[in-house]
There are 2 protein chains.
Amino acid sequence: MKPIKISEAVVRRLPIYLRFLNELSLSNIQTVSSQDLGEKLDLNPAQIRKDLAYFGEFGRKGVGYNVDYLIEKIRQILKLDKTMYVALVGTGNLGRALCNYNTYIKDNMKIVAVFDADESKKGTQINHMTVRPMQELSASVQQLDISVGIITVPAPEAQNVADQFIAAGIRGLLNFAPVVLKAVPGVRIHNADFTAELLSLAYYMDHINEAKEGDE
Amino acid sequence: MKPIKISEAVVRRLPIYLRFLNELSLSNIQTVSSQDLGEKLDLNPAQIRKDLAYFGEFGRKGVGYNVDYLIEKIRQILKLDKTMYVALVGTGNLGRALCNYNTYIKDNMKIVAVFDADESKKGTQINHMTVRPMQELSASVQQLDISVGIITVPAPEAQNVADQFIAAGIRGLLNFAPVVLKAVPGVRIHNADFTAELLSLAYYMDHINEAKEGDE
DNA sequence: TAGATTGTTAATCGATTAACAATC
DNA sequence: TAGATTGTTAATCGATTAACAATC
């Protein structure tokens with residue numbers, strides 16, 4: 001309907017809003033203003049209003065936003081009103097950690113299949129799921145209606161895994177491996193690149209030339 | 001010396017450059033052009049040249065950049081020419097996964113102390129480190145010259161842990177908990193928020209109204 | 001010399017913020 | 001009615017890209 005292009009920056013903030021609204025809802029808070037949200041989320045209130053206004057008129061002037069209504073709306077926007085099925089490849093420490101997060105990701109994204117290239121892992125249980133061999137990837141993606149893949153394999157294997165996901169018809173990938181995957185049309189790739197996040201943190205360490213209070 | 005403010009976007013790309021340059025170096029490739037880099041990293045070559053030019057003239061016209069020299073320079077810029085010590089709090093699956101990444105983070109960032117609020121975890125070994133109780137956090141940060149803290153505790157505890165880190169004099173925090181931490185001057189906070197990354201991925205799933213090839 | 005590629009300026013594009021009329 | 005807060009326009013700010021002279 002609306003042909004307006006929504007910027008990535010806007011979409012990236014929606015889950016942040018959603019998360020905090022969920023907290024408010026649990027505390028039985030029914031109304032929230034862009035002012036309140038801005039303070040808690042360290043964002044400009046005007047930006048929050050503008051972000052939301054791209055998708056509709058969700059607030060009431062002089063009043064604010066109804067928390068539960070806004071939750072519902074943001075979930076619709078993100079297409080999390082129906083469950084989205086996810087597959088994960090790579091059952092190292094990180095992969096297992098993410099599988100157990102399933103509890104947390106109650107936001108209608110559900111890891112339903114886990115894979116590992118290592119044959120010896122086959123049949124192992126992780127959070128009530130049986131680890132499958134890579135040969136089953138394509139069939140599982142189709143059968144289980146999986147649209148998103150999570151990649152938690154070592155860097156050198158990541159592109160290969162991505163290629164297999166893409167061949168299987170995946171729609172989106174969340175890549176934890178520290179490599180830049182080749183982009184392909186029709187497949188959205190997000191990176192969860194904490195090594196880069198950590199290294200860039202170093203840059204800011206001494207630029208703050210603040211008072212050293214200790215010479216002990 | 002140079003009073004030019006470097007944007008966050010630029011700093012965030014530096015580790016990406018560094019990572020790929022390290023790969024090139026391992027393959028004994030000695031020279032690289034912004035063109036090459038742009039193709040492999042899916043970035044505009046002009047942007048790469050501009051990013052690097054903020055910090056000096058590292059390339060040679062008509063030739064390109066010397067890989068090892070550029071690595072050295074980027075490491076200097078990020079202040080990774082000397083080892084930076086890191087503490088981690090929260091020894092769940094994710095925390096343990098990150099500790100074992102130490103091998104990978106050979107980029108002069110080193111996790112040297114691990115903490116957990118759960119007293120029963122005290123004394124456990126993770127990647128040759130002994131898990132310490134939270135009471136020791138402040139002393140350890142001082143004694144071990146720790147400047148960066150990693151937070152891998154459940155969301156409700158994250159702010160408390162951040163406060164303790166800040167009180168101990170930490171300079172930077174990498175937060176994996178899905179909450180927005182209160183900003184304080186002099187402490188840089190980066191978020192490694194993969195739940196947000198995953199949820200925002202959902203948004204893009206059906207906007208691509210591509211041909212559905214299957215009606216089986 | 002001819003070809004390649006940088007460093008940098010100018011042009012474009014996009015995102016954030018301020019301001020305010022509309023209205024609850 | 002007075003106070004509060006949205007939705008939205010306009011102004012500002014910042015980041016990306018194109019273009020090209022300089023030069024290896």
Side-chain angles (χ1 to χ4, degrees), chain A residues 1-17 20-21 24 29-74 77 180 183 200 203, chain B residues 1-14 16-17 20-21 24 29-71 73-74 77 180 183 200 203:
Chain A
M1 328 278 158
K2 287 202 227 90
I4 311 125
K5 189 70 167 59
I6 309 294
S7 92
E8 293 196 21
V10 174
V11 176
R12 206 155 247 129
R13 281 190 291 267
L14 295 179
I16 312 289
Y17 301 155
F20 184 63
L21 290 165
L24 292 179
I29 293 165
Q30 285 162 21
T31 305
V32 70
S33 68
S34 59
Q35 182 89 221
D36 298 339
L37 284 168
E39 269 163 36
K40 293 308 178 88
L41 302 179
D42 207 10
L43 294 170
N44 185 302
Q47 181 170 66
I48 296 173
R49 292 200 298 278
K50 200 164 200 285
D51 283 355
L52 297 173
Y54 282 117
F55 304 99
E57 304 200 0
F58 302 145
R60 283 180 68 198
K61 294 175 186 182
V63 179
Y65 299 91
N66 178 287
V67 171
D68 288 325
Y69 180 70
L70 194 50
I71 288 174
E72 193 192 320
K73 283 300 171 184
I74 294 181
I77 296 164
V180 177
S200 66
Y203 175 82
Chain B
M1 330 279 157
K2 286 203 228 90
I4 312 122
K5 188 71 168 58
I6 308 296
S7 92
E8 292 196 23
V10 173
V11 176
R12 205 155 249 132
R13 281 189 292 267
L14 295 179
I16 313 290
Y17 300 156
F20 184 63
L21 290 165
L24 291 180
I29 293 164
Q30 283 162 20
T31 306
V32 70
S33 69
S34 60
Q35 181 90 221
D36 298 339
L37 284 169
E39 270 163 36
K40 293 308 177 83
L41 302 179
D42 207 10
L43 293 171
N44 184 303
Q47 180 170 69
I48 295 173
R49 292 200 298 278
K50 200 164 198 288
D51 283 355
L52 297 173
Y54 282 116
F55 304 99
E57 305 200 357
F58 302 146
R60 282 179 68 198
K61 294 176 184 179
V63 179
Y65 299 90
N66 177 288
V67 171
D68 288 325
Y69 180 69
L70 194 51
I71 287 174
K73 283 301 172 185
I74 295 181
I77 295 163
V180 177
S200 66
Y203 175 82

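Every chain is numbered from 1, with letters handed out A, B, ... down the list of sequences.
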Nucleotide [N], atom [atom2] - distance to [atom1] of [X] in whole Å:
{"X": "A/Asp42", "N": "C/dT16", "atom1": "CG", "atom2": "P", "answer": "14 Å"}
{"X": "A/Asp36", "N": "D/dT6", "atom1": "CG", "atom2": "P", "answer": "8 Å"}
{"X": "B/Ile48", "N": "C/dT8", "atom1": "CD1", "atom2": "C1'", "answer": "16 Å"}
{"X": "A/Leu37", "N": "D/dG7", "atom1": "CG", "atom2": "P", "answer": "12 Å"}
{"X": "A/Ile6", "N": "C/dG14", "atom1": "CD1", "atom2": "C1'", "answer": "13 Å"}
{"X": "B/Gln35", "N": "C/dG7", "atom1": "CD", "atom2": "P", "answer": "15 Å"}
{"X": "B/Leu70", "N": "C/dG7", "atom1": "CG", "atom2": "P", "answer": "10 Å"}
{"X": "B/Phe58", "N": "C/dG7", "atom1": "CZ", "atom2": "C1'", "answer": "12 Å"}

Residue met sooner reading DNA chain C from 5', once B/Val63 and A/Ala9 are mapped to nucleotides: B/Val63
[X] vs [N]: side-chain N/O to OP1/OP2 distance below 4.0 Å:
{"X": "B/Arg13", "N": "D/dT16", "answer": "yes"}
{"X": "A/Tyr65", "N": "D/dG7", "answer": "yes"}
{"X": "A/Ser7", "N": "C/dG14", "answer": "no"}
{"X": "B/Ser34", "N": "C/dT5", "answer": "no"}

Taking every non-hydrogen atom, the tightest pair across [X] and [Y]:
{"X": "A/Ile77", "Y": "B/Tyr203", "answer": "O-CD1, 3.4 Å"}
{"X": "B/Phe58", "Y": "B/Leu52", "answer": "CE1-O, 3.7 Å"}
{"X": "A/Asn66", "Y": "A/Tyr69", "answer": "OD1-N, 2.9 Å"}
{"X": "A/Ser34", "Y": "A/Arg49", "answer": "OG-NH1, 3.0 Å"}

Show the atom names and distances, to 0.1 Å, of all donor-acceptor pairs under 3.5 Å that link a side chain in residues 36-45 of chain A to residues at least two apart or in another chain.
{"unit_1": "A/Asp36", "atom_1": "OD1", "unit_2": "A/Ser33", "atom_2": "OG", "d": "3.4"}
{"unit_1": "A/Asp36", "atom_1": "OD2", "unit_2": "A/Ser33", "atom_2": "N", "d": "3.3"}
{"unit_1": "A/Asp36", "atom_1": "OD2", "unit_2": "A/Ser33", "atom_2": "OG", "d": "3.3"}
{"unit_1": "A/Asn44", "atom_1": "OD1", "unit_2": "A/Ala46", "atom_2": "N", "d": "2.7"}

Taking the side chain as everything from C-beta on, heavy atoms only, tell me whether A/Ile74 gets closer than 4.5 Å to A/Tyr17. yes
How far does [atom1] of [X] sit from [atom2] of [Y], to the nearest 0.5 angstrom?
{"X": "A/Thr31", "Y": "A/Asp68", "atom1": "OG1", "atom2": "CG", "value": "9.5 Å"}
{"X": "A/Ser7", "Y": "A/Arg12", "atom1": "OG", "atom2": "CZ", "value": "9.5 Å"}
{"X": "A/Leu14", "Y": "A/Tyr54", "atom1": "CG", "atom2": "OH", "value": "11.5 Å"}

Counting heavy atoms from C-beta on, name the nucleotide in D/dT6, C/dT6, D/dT16 closest to the side chain of B/Ser33. C/dT6
Give me the distances for all protein-to-nucleotides 17-22 of chain C N/O pairs that come in under 3.5 Å?
{"unit_1": "C/dA18", "atom_1": "OP2", "unit_2": "A/Asn44", "atom_2": "ND2", "d": "3.4"}
{"unit_1": "C/dA19", "atom_1": "N6", "unit_2": "A/Arg49", "atom_2": "NH2", "d": "3.2"}

Strand DNA chain C as a dot-bracket string - pairs counted if Watson-Crick or G-U with both distances under 3.5 Å, | where the partner lies in another strand: ..||||||||||||||||||||||
